[in-house]
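Heads up, the thing below is written out as structure tokens.
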Amino acid sequence: MALFPFLLVGCTSAKGSQSADVVTSTYEGVVTEEGRLYFNYNSKLLTFFDFTSDQEIPVCAKPDCKHNKAGCAAYFPANEMHHYAFYDDRLYFFLDGTEGTALCVADRDGSNRKTIAQLKEQAPRTRAIFTKGKVYFDILTEVADETRQADERASVGNFYITRTENIACIDLATGKLTKLSQDRTSHYGSLALTNYDDQKLYYDYVQLKDGIDEDNISAGSLTQDDYDALH
């Protein structure tokens with residue numbers, strides 16, 4: 001499904017960074033011609049793997065840093081960091097916490113971290129696309145209904161969940177959040193930002209077929225044939 005037009009320009013990259021006009025990041029990180037930026041869950045370090053030297057390089061430029069404690073610019077003690085990318089000569093990343101998800105920025109060597117925007121929602125869920133001074137992503141809000149019996153496809157723990165999903169963007173200079181697509185609210189739907197092309201963003205939305213009543217579904221009764229996919 002095409003969302004809206006915006007200008008795209010060809011990509012370029014630099015050694016140890018990805019200063020492209022359009023940068024797409026996922027939970028797995030970003031791959032450039034020079035290497036891969038990813039989070040090492042064993043060492044808890046944001047790491048750049050250099051394809052030429054076959055070396056893992058922590059994203060930290062502090063002299064004599066041992067890269068094993070909170071003072072290291074690449075060290076994150078919890079598995080909370082995702083959708084990280086080098087864009088416009090800065091390092092951007094999302095952090096999950098008790099207050100929701102924060103969009104953060106740092107110097108390219110990982111120093112001088114600061115928060116750009118704080119979100120109450122879960123975001124991003126699939127891709128984060130950095131371009132034209134903004135980051136575009138899919139966003140999810142879940143509300144639990146303790147009065148309903150939990151369903152295996154629409155529950156978290158013992159709570160029946162109502163999901164509201166959207167495509168949004170954040171201005172990297174001001175931190176302003178803007179929702180771009182219509183709210184899609186359901187118990188069983190799922191939205192995903194998929195790509196950009198021809199001056200547009202694209203997303204998929206999977207929903208129940210017409211005629212299926214969401215309020216009268218027994219646990220475990222749904223199959224793949226009960227869904228329609230919108231592109």
Side-chain angles (χ1 to χ4, degrees), residues 1-9 11 18-30 37 39 76 79-88 90-106 113-144 154 156 161-208 227-231:
M1 179 175 293
L3 182 56
F4 64 99
F6 65 106
L7 182 62
L8 298 176
V9 187
C11 297
Q18 189 174 354
S19 54
D21 293 311
V22 179
V23 178
T24 300
S25 179
T26 68
Y27 268 99
E28 289 74 31
V30 174
L37 179 68
F39 184 71
F76 291 83
N79 298 337
E80 59 187 6
M81 185 184 191
H82 55 93
H83 292 85
Y84 26 82
F86 287 118
Y87 171 73
D88 198 22
R90 306 293 300 279
L91 170 64
Y92 292 91
F93 53 93
F94 289 83
L95 285 178
D96 292 335
T98 57
E99 300 299 321
T101 302
L103 170 63
C104 303
V105 63
R113 300 178 191 172
K114 67 177 183 179
T115 299
I116 298 175
Q118 180 69 49
L119 310 174
K120 295 181 180 179
E121 300 89 348
Q122 299 179 36
R125 300 184 59 248
T126 54
R127 291 168 177 80
I129 299 176
F130 295 82
T131 186
K132 296 299 180 181
K134 297 180 180 180
V135 56
Y136 298 86
F137 52 92
D138 44 8
I139 194 167
L140 167 67
T141 302
E142 293 183 328
V143 178
V156 174
I161 297 298
T162 298
R163 303 160 55 90
T164 299
E165 298 174 281
N166 205 299
I167 300 297
C169 75
I170 293 176
D171 188 303
L172 299 178
T174 66
K176 180 181 179 181
L177 172 70
T178 303
K179 292 186 177 181
L180 303 171
S181 65
Q182 69 185 65
D183 284 342
R184 294 189 176 275
T185 299
S186 71
H187 302 299
Y188 301 91
S190 180
L191 181 149
L193 180 63
T194 57
N195 208 345
Y196 64 87
D197 187 27
D198 193 24
Q199 303 184 18
K200 295 179 181 179
L201 286 172
Y202 293 85
Y203 67 92
D204 289 343
Y205 184 71
V206 177
Q207 64 182 14
L208 289 178
Y227 289 86
D228 280 329
L230 306 178
H231 302 285

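The first residue in the sequence is number 1, and the count goes up from there.
- Distance CG/Asp138 to CD1/Ile129: 9.5 Å, rounded to 0.5 Å.
- A 4.5 Å side-chain heavy-atom check between Phe93 and Phe39 finds every atom pair outside the cut-off.
- Nearest approach of Tyr27 to Pro124, heavy atoms of both residues: OH-O, 3.7 Å.
- Remark: Thr24 OG1 to Arg127 CZ distance equals 8.0 Å, nearest 0.5 Å.
- Once rounded to the nearest 0.5 Å, the distance linking OG of Ser181 with CG of Leu193 reads 9.5 Å.
- No donor-acceptor pair closer than 3.5 Å links the side chain of Asn166 to the backbone N or O of Ile139.
- Shown here for Gly100 and Gln118, the closest heavy-atom pair between the two residues is C-NE2, 3.7 Å.
- Below 30°, between 30° and 60°, or above 60°: for Phe94 and Phe130 the angle between ring planes is between 30° and 60°, a tilted geometry.
- Within the 4.5 Å cutoff, side-chain heavy atoms of Asp96 are placed close to those of His82.
- In terms of modelled atom types and a separation under 3.5 Å, the side chain of Ser25 and the main chain of Tyr84 share a donor-acceptor contact.
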For this session: Decide side-chain contact (heavy atoms from CB on, under 4.5 Å) for Val135 and Tyr87; before the verdict, give the C-alpha distance in whole Å, the side-chain angles of both, and the deciding distance to 0.1 Å.
Result: CA-CA 10 Å; Val135 56; Tyr87 171 73; over 6 Å; no

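- Side-chain N or O atoms of Thr131 include one that pairs as donor or acceptor with a backbone N or O of Asp21 at under 3.5 Å.
- Scanning both residues, His83 and Thr126, for their nearest heavy atoms gives NE2-O, 2.8 Å.
- Across all their heavy atoms, Ala123 and Thr101 have their closest contact at O-CG2, 2.9 Å.
- A side-chain contact (heavy atoms from CB on, under 4.5 Å) with Phe86 is found for one member of Leu37, Val30, Val23 and no other, namely Leu37.
- With a 4.5 Å cut-off on side-chain heavy atoms, Ile116 and Tyr92 count as touching.
- Minimum interatomic distance between Ile170 and Ala117 (heavy atoms only, all atoms of both residues): CD1-CB, 3.9 Å.
- Leu103 has its side chain within reach of Leu172: a pair of non-hydrogen atoms, C-beta onward, lies under 4.5 Å apart.
- The shortest heavy-atom contact between Ala168 and Leu177 is CB-CD1, 3.8 Å.
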